[in-house]
**Q** 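Take a look at this one; I'll ask things after.
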Amino acid sequence: MSRRRRWSRAAVQAACVAITLFMGVPLYLITLAALSSRESLNRFPLPLLPTDPSTETMSTFLRSTGVTGGFLNSLTVGLGTVLLALLVGVPAGYAVARYAFRGRDTYQLFLLLTRALPIVVLSVPLARIFLDASLYDTTYAVMLLHTALALPTTVLITAAIFVGVSHEQEEAAMIFGASPLQAFLRVVAPQALPGIAAAAMFAFMLSWNEVLGATVLTLNQRTLPAQVLTTLADSPLAYRFAGGLALVLPALVFIAVMRRYLLNMWGTTLR
């Protein structure tokens, strides 16, 4: 049994290393290319180690037209999506977890089915609606679209977390004089923070990486992925690598911050 257990652990570790390399190698290559000079990008074969580091590629990309505005738009839309998705999704998840109502299982299945609709099916009707509402080509339109896309997962994640929070503790708080809202804020919400953090992480990543909807719904107020996508075909190779790093880096920073917070809430200490 001990030998089998060691082999099992070794297999798990090998799988973790393989997955890490599968995800990390492309990030490393993009970072290497984005922080290299243009001359080194034209060499063949390309070196796998930084031999000629330079900020020329990234500085040129950051000075390109629309990049700074696109980054600010992406940040605004991403944080706004997280806020709206949590404001609507957390109470909905709490209701699904705490209250038994007719059609609850069907409702949860319907939430999943909404994610089956391709974004291109939603973008064109939404563009017409936002044109009539004078919201077209604004960050608010993209924020509303991304919130609608993130809500199903937000509701299901938070509902699963609220199910694991003891209902007796909430009732005890109300017995000692707390209102239902106070019991939720002081007893339930702190224990559900890991799930809320996970839902926030997913909402931000979905908003930051979404391209098609932002491209259809905006012209002058595009997010950074939409801005990079529309100029990618006519851009030099250096611009593409720099754009890839600029798209990946903020998302990685957000994940790193939320991951530390998420694991600390579960009692895991990061060193």
**Q** What heavy-atom pair brings Ala200 and Leu86 nearest, and what distance separates the two atoms?
**A**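 Taking every non-hydrogen atom into account, CB-CD1, 4.1 Å.
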**Q** Tell me if a side-chain donor or acceptor on Asp137 pairs with a main-chain N or O of Gln221 at a distance below 3.5 Å.
**A**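 It does hold such a pair.
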**Q** Hey, could you give me the OG1/CE distance between Thr20 and Met23, rounded to the nearest 0.5 Å?
**A**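 Going from OG1 on Thr20 over to CE on Met23, the span is 8.0 Å.
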**Q** With hydrophobic residues grouped by side-chain heavy-atom distances under 4.5 Å, do Tyr94 and Val163 end up in a single group?
**A**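 No; Val163 is not reachable from Tyr94 via cluster members.
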**Q** When rounded to the nearest 0.5 angstrom, what is the spacing between OG1 in Thr223 and CG in Asn73?
**A**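 Here the rounded value is 7.5 Å.
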**Q** For residues Gln191 and Val188, determine if any side-chain heavy atom of one lies less than 4.5 Å from a side-chain heavy atom of the other.
**A** no
**Q** Which heavy atom of Ala92 sits nearest to which heavy atom of Val155, and what is that distance?
**A** CB-CG2, 3.8 Å
**Q** Show the nearest heavy-atom pair for residues Gly89 and Leu151, with the distance to one decimal.
**A** N-CD2, 3.7 Å
**Q** Under a 3.5 Å distance rule, please check whether Trp208 uses its side chain to pair with a backbone N or O of Leu247 as donor and acceptor.
**A**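 Yes; at least one donor-acceptor contact below 3.5 Å.
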**Q** Quick one: pull up OG1 in Thr68 and CD in Gln227 and give me the separation to the nearest 0.5 Å.
**A** 10.5 Å
**Q** Measuring from atom CG of Leu206 to atom CZ of Phe202, what distance do you get when rounded to the nearest 0.5 angstrom?
**A** 5.0 Å
**Q** Okay, side chain of Ser74, backbone of Leu224: is any donor-acceptor separation there less than 3.5 Å?
**A**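 Yes, the answer is positive, given that a donor and an acceptor are paired below the 3.5 Å cut-off.
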**Q** Kindly work out whether a path of hydrophobic side-chain contacts (I/L/V/M/F/W/Y, heavy atoms less than 4.5 Å apart) joins Leu181 to Val88.
**A**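 Leu181 and Val88: separate clusters.
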**Q** Say whether Tyr136 and Leu145 are linked into one hydrophobic cluster, either directly or through other cluster members, by side-chain heavy-atom distances under 4.5 angstrom.
**A**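 Yes, Tyr136 connects to Leu145 through the hydrophobic network.
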**Q** Looking at side-chain heavy atoms only, is the closest gap between Gln182 and Ser179 below 4.5 Å?
**A**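 A side-chain contact under 4.5 Å exists here.
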**Q** Has Gln169 got a side-chain atom pairing as donor or acceptor with Val165's backbone, closer than 3.5 angstrom?
**A** no
**Q** Is there a side-chain contact between Val67 and Phe71, using heavy atoms and a 4.5 Å cut-off?
**A**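 Contact flag for Val67/Phe71 side chains = no.
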**Q** Can you find a pair of side-chain heavy atoms, one from Phe130 and one from Leu144, that are under 4.5 Å apart?
**A**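 A side-chain contact exists here, since the closest heavy-atom pair is under 4.5 Å.
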**Q** List the atom of Ala148, the atom of Pro152, and the distance in Å for their closest heavy-atom pair.
**A** O-CD, 3.3 Å
**Q** Taking all non-hydrogen atoms of both residues into account, name the closest pair between Ala141 and Leu217 and its distance.
**A** O-CD1, 4.1 Å
**Q** Say whether, by atom type as modelled, one donor and one acceptor occur between the side chain of Glu210 and the main chain of Gly213 under 3.5 angstrom.
**A**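 Pair found, side chain donor or acceptor close to backbone of Gly213.
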**Q** Are the side chain of Ser207 and the backbone N or O of Phe204 linked by a donor-acceptor pair below 3.5 Å?
**A**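 Side chain of Ser207 to backbone of Phe204: no pair is present.
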**Q** Between Val77 and Thr81, is there a side-chain heavy-atom distance shorter than 4.5 Å?
**A**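 Yes; the side chains approach each other to less than 4.5 Å.
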**Q** Which heavy-atom pair separates Met143 from Thr147 by the least distance, and what is that distance?
**A** O-OG1, 2.7 Å
**Q** When hydrophobic residues are tied together by side-chain contacts of less than 4.5 Å, even through go-betweens, does Met205 share a cluster with Ile19?
**A** no
**Q** Would you say Met174 and Phe184 are hydrophobically clustered, going by side-chain heavy atoms of ILVMFWY under 4.5 Å?
**A**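 Different clusters.
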**Q** What distance do Ile196 atom CD1 and Thr154 atom OG1 have between them, rounded to the nearest 0.5 Å?
**A**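 The distance works out to 10.5 Å.
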**Q** Between Phe162 and Val90, is there a side-chain heavy-atom distance shorter than 4.5 Å?
**A**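 Yes; the side chains approach each other to less than 4.5 Å.
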**Q** Check for a donor-acceptor pair, side chain of Thr138 on one end and backbone N or O of Leu135 on the other, with a separation under 3.5 Å.
**A**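 The answer is yes, because a donor-acceptor pair under 3.5 Å joins these two groups.
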